[in-house]
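Quick note on labels: first sequence line is chain A, next is B, and so on, each numbered from 1. Every value quoted in this text rests on a predicted model; they were computed, and no experiment measured them.
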There are 2 protein chains.
Amino acid sequence: MPTPDRTSLAEIVDAGRAILEESGPAGLTMQAVAIRCGVRAPSLYKRIRDRDALLAAVAEAVVNDLADRLADTENSLSALAETYRAFAHENAEGFRLMFTASAPLDALDHAATPVLAASAAVVGDVDALHAARLFTAWATGFVHMELAGAFRLGGDVEQAFTYGLRKILDGLTP
Amino acid sequence: MPTPDRTSLAEIVDAGRAILEESGPAGLTMQAVAIRCGVRAPSLYKRIRDRDALLAAVAEAVVNDLADRLADTENSLSALAETYRAFAHENAEGFRLMFTASAPLDALDHAATPVLAASAAVVGDVDALHAARLFTAWATGFVHMELAGAFRLGGDVEQAFTYGLRKILDGLTP
DNA sequence: ACCTGAACACCGTTCAAGT
DNA sequence: ACCTGAACACCGTTCAAGT
């Protein structure tokens with residue numbers, strides 16, 4: 001006899017993402033997710049292979065969210081930089097997860113589209129990919145270090161961000 | 001009656017680092033470390049508080065190693081970039097660990113010294129910190145993405161690295 | 001067909017008892 | 001003073017038995 005479903009893959013991934021932000025990766029246990037979905041831990045395995053697959057699904061949800069935000073942003077490198085950084089601050093744990101082991105690579109490619117377009121507008125099509133990688137690497141590294149608390153030698157971090165962006169644009173502008 | 005020590009903190013940290021590179025963070029169990037040190041897991045707790053403290057100690061060892069390598073490098077941003085990237089490739093798991101939760105922040109500051117000096121040589125003392133942050137963020141993000149397999153849109157990654165370095169130097173050079 | 005309790009393997013950690 | 005086996009708590013995962 002069929003039973004009405006008491007949860008869904010989407011609910012599980014949402015719960016996982018919320019718990020990740022609240023309690024970090026160590027807090028993201030199958031138990032915690034199950035409780036939040038009103039179900040027992042073994043039931044989760046009907047919907048998702050294992051915890052690694054859940055982490056991958058959460059990472060993909062985060063990347064898709066980021067891609068939407070970037071797609072809605074004015075298509076300039078400075079506007080994209082602001083959006084990217086703001087998103088990372090709002091989703092610190094999810095942001096870290098994005099670049100981890102089983103990263104959602106296809107989704108990342110998709111998120112890169114607006115950056116490629118904005119880069120092409122500055123340096124032309126031939127160098128667009130190189131320029132996009134310069135920009136993305138800088139923004140990713142900056143936020144990563146910022147979230148890790150690695151900027152401790154004094155100085156204004158906001159200013160450092162603006163400075164970096166300006167110098168990159170200076171370097172790229174023909 | 002005193003017993004001769006059968007291991008040491010240094011041996012434990014070395015074992016942890018080796019296991020981390022071989023088997024990743026999930027493989028770095030107290031059991032695995034203990035076996036490698038010829039001792040049982042509970043004995044480790046005489047030398048180190050818990051697994052988190054071990055991870056922190058491993059991270060610090062990695063950063064100190066990196067600091068030595070950078071200090072031995074010719075003091076130019078391009079030479080430092082090569083050394084930094086090579087180190088990250090040789091110590092992929094350790095590199096990831098460096099920017100994690102309980103990062104060894106003091107050691108990171110120390111590793112930053114040569115980068116600050118090389119930056120000052122290009123932009124002067126006033127902007128040296130901003131410039132060092134631009135450079136470090138870019139290099140860190142680039143290697144991070146590279147290690148995560150995030151560069152998949154084609155194009156030559158070596159070229160992208162050279163391109164990024166050149167454009168940053170272009171942007172920084174007055 | 002989904003859900004669950006029970007069970008198992010594995011890991012971190014503590015501790016009393018050895019030497 | 002360090003080392004160990006035994007024990008405990010906790011987590012991921014499987015599975016037979018329920019509905």
Side-chain angles (χ1 to χ4, degrees), chain A residues 1-61 93-94 96-97 100-104, chain B residues 1-61 93-94 96-97 100-104:
Chain A
M1 266 295 132
T3 312
D5 292 12
R6 245 164 274 185
T7 185
S8 67
L9 181 57
E11 190 186 15
I12 290 169
V13 174
D14 283 354
R17 191 171 168 188
I19 293 167
L20 177 70
E21 289 302 333
E22 283 166 23
S23 318
L28 180 41
T29 68
M30 298 303 270
Q31 271 252 38
V33 172
I35 287 173
R36 199 168 186 120
C37 295
V39 101
R40 306 288 170 161
S43 300
L44 300 178
Y45 294 85
K46 284 283 160 186
R47 312 257 198 276
I48 195 127
R49 198 174 60 257
D50 55 20
R51 185 172 178 274
D52 269 355
L54 175 56
L55 286 173
V58 168
E60 189 170 5
E93 294 293 346
R96 273 190 265 264
L97 190 64
T100 290
S102 46
Chain B
M1 267 294 130
T3 312
D5 292 12
R6 246 164 273 187
T7 186
S8 67
L9 181 58
E11 191 185 16
I12 290 170
V13 174
D14 283 355
R17 191 171 168 189
I19 293 167
L20 176 69
E21 287 302 334
E22 284 167 21
S23 318
L28 180 41
T29 67
M30 299 302 271
Q31 270 254 36
V33 172
I35 288 174
R36 199 167 186 121
C37 295
V39 100
R40 306 288 172 162
S43 299
L44 300 178
Y45 294 84
K46 284 284 160 182
R47 311 262 198 283
I48 194 127
R49 197 174 61 256
D50 55 19
R51 185 173 178 273
D52 269 356
L54 175 56
L55 287 172
V58 169
E60 189 171 4
E93 295 292 347
R96 272 190 266 265
L97 189 64
T100 290
S102 45

Do other residues, nucleotides or ligands put more than 12 heavy atoms under 6.0 Å from B:Gln31 CD?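 For B:Gln31, atom CD is not crowded (no more than 12 foreign heavy atoms under 6.0 Å).
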Contact class for B:Arg49 vs. all strands (heavy atom < 4.0 Å): base, sugar-phosphate, or nothing?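 It contacts nothing in the nucleic acid.
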Within the 4.0 Å heavy-atom criterion, would you say B:Ser43 contacts the bases, only the backbone, or no part of the nucleic acid?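 Base: the residue B:Ser43, judged by heavy atoms under 4.0 Å, touches a nucleobase.
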So, the side chain of B:Arg51 versus the backbone of B:Leu28: is there a donor-acceptor pair under 3.5 Å, distance only?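 It does hold such a pair.
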Atom-pair distance ([atom1] on [X]; [atom2] on [N]), nearest Å:
{"X": "B:Ile35", "N": "D:dT4", "atom1": "CD1", "atom2": "P", "value": "12 Å"}
{"X": "A:Met30", "N": "C:dC11", "atom1": "CE", "atom2": "P", "value": "18 Å"}
{"X": "A:Gln31", "N": "D:dA9", "atom1": "CD", "atom2": "C1'", "value": "12 Å"}
{"X": "B:Arg47", "N": "C:dT13", "atom1": "CZ", "atom2": "C1'", "value": "17 Å"}
{"X": "B:Ile12", "N": "C:dG12", "atom1": "CD1", "atom2": "P", "value": "14 Å"}
{"X": "A:Asp50", "N": "D:dG12", "atom1": "CG", "atom2": "P", "value": "11 Å"}
{"X": "B:Leu28", "N": "C:dG12", "atom1": "CG", "atom2": "C1'", "value": "12 Å"}
{"X": "B:Leu44", "N": "D:dT4", "atom1": "CG", "atom2": "P", "value": "10 Å"}

Watson-Crick or G-U wobble mate for D:dA6, both contacts under 3.5 Å: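 D:dA6 is paired, partner C:dT14.
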In the strands shown, is D:dT19 matched to any nucleotide by a Watson-Crick or G-U wobble pair with both distances under 3.5 Å, and which?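 WC or wobble partner is C:dA1.
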Answer yes or no: does a side-chain N or O of B:Arg40 lie under 4.0 Å from OP1 or OP2 of C:dG18?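 Negative; the distance criterion is not met.
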Residue-phosphate contact under 4.0 Å: A:Arg51 side-chain N/O, D:dT13 OP1/OP2: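 A:Arg51 to D:dT13 OP1/OP2: no side-chain N or O under 4.0 Å.
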Options [options], nucleotide nearest the side-chain atoms of [X]:
{"X": "B:Pro42", "options": "D:dG5, D:dC2, D:dC15", "answer": "D:dG5"}
{"X": "A:Thr29", "options": "C:dT14, D:dC11, C:dG12", "answer": "D:dC11"}
{"X": "B:Lys46", "options": "D:dC3, C:dC11, C:dC3", "answer": "D:dC3"}
{"X": "B:Tyr45", "options": "C:dT13, D:dG12, C:dT4", "answer": "C:dT13"}

Do A:Arg47 and A:Asp5 touch side chain to side chain, with heavy atoms closer than 4.5 Å?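 Sidechains of A:Asp5 and A:Arg47: in contact.
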Quick check: closest heavy atoms across A:Arg40 and A:Ala34, and the distance to 0.1 Å?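 Shortest heavy-atom separation between A:Arg40 and A:Ala34 comes out as C-CB, 3.6 Å.
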Of all the heavy-atom pairs spanning A:Leu54 and A:Ile12, show the shortest one and how long it is.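 The pair with the smallest heavy-atom distance is CD1-CG2, 3.9 Å.
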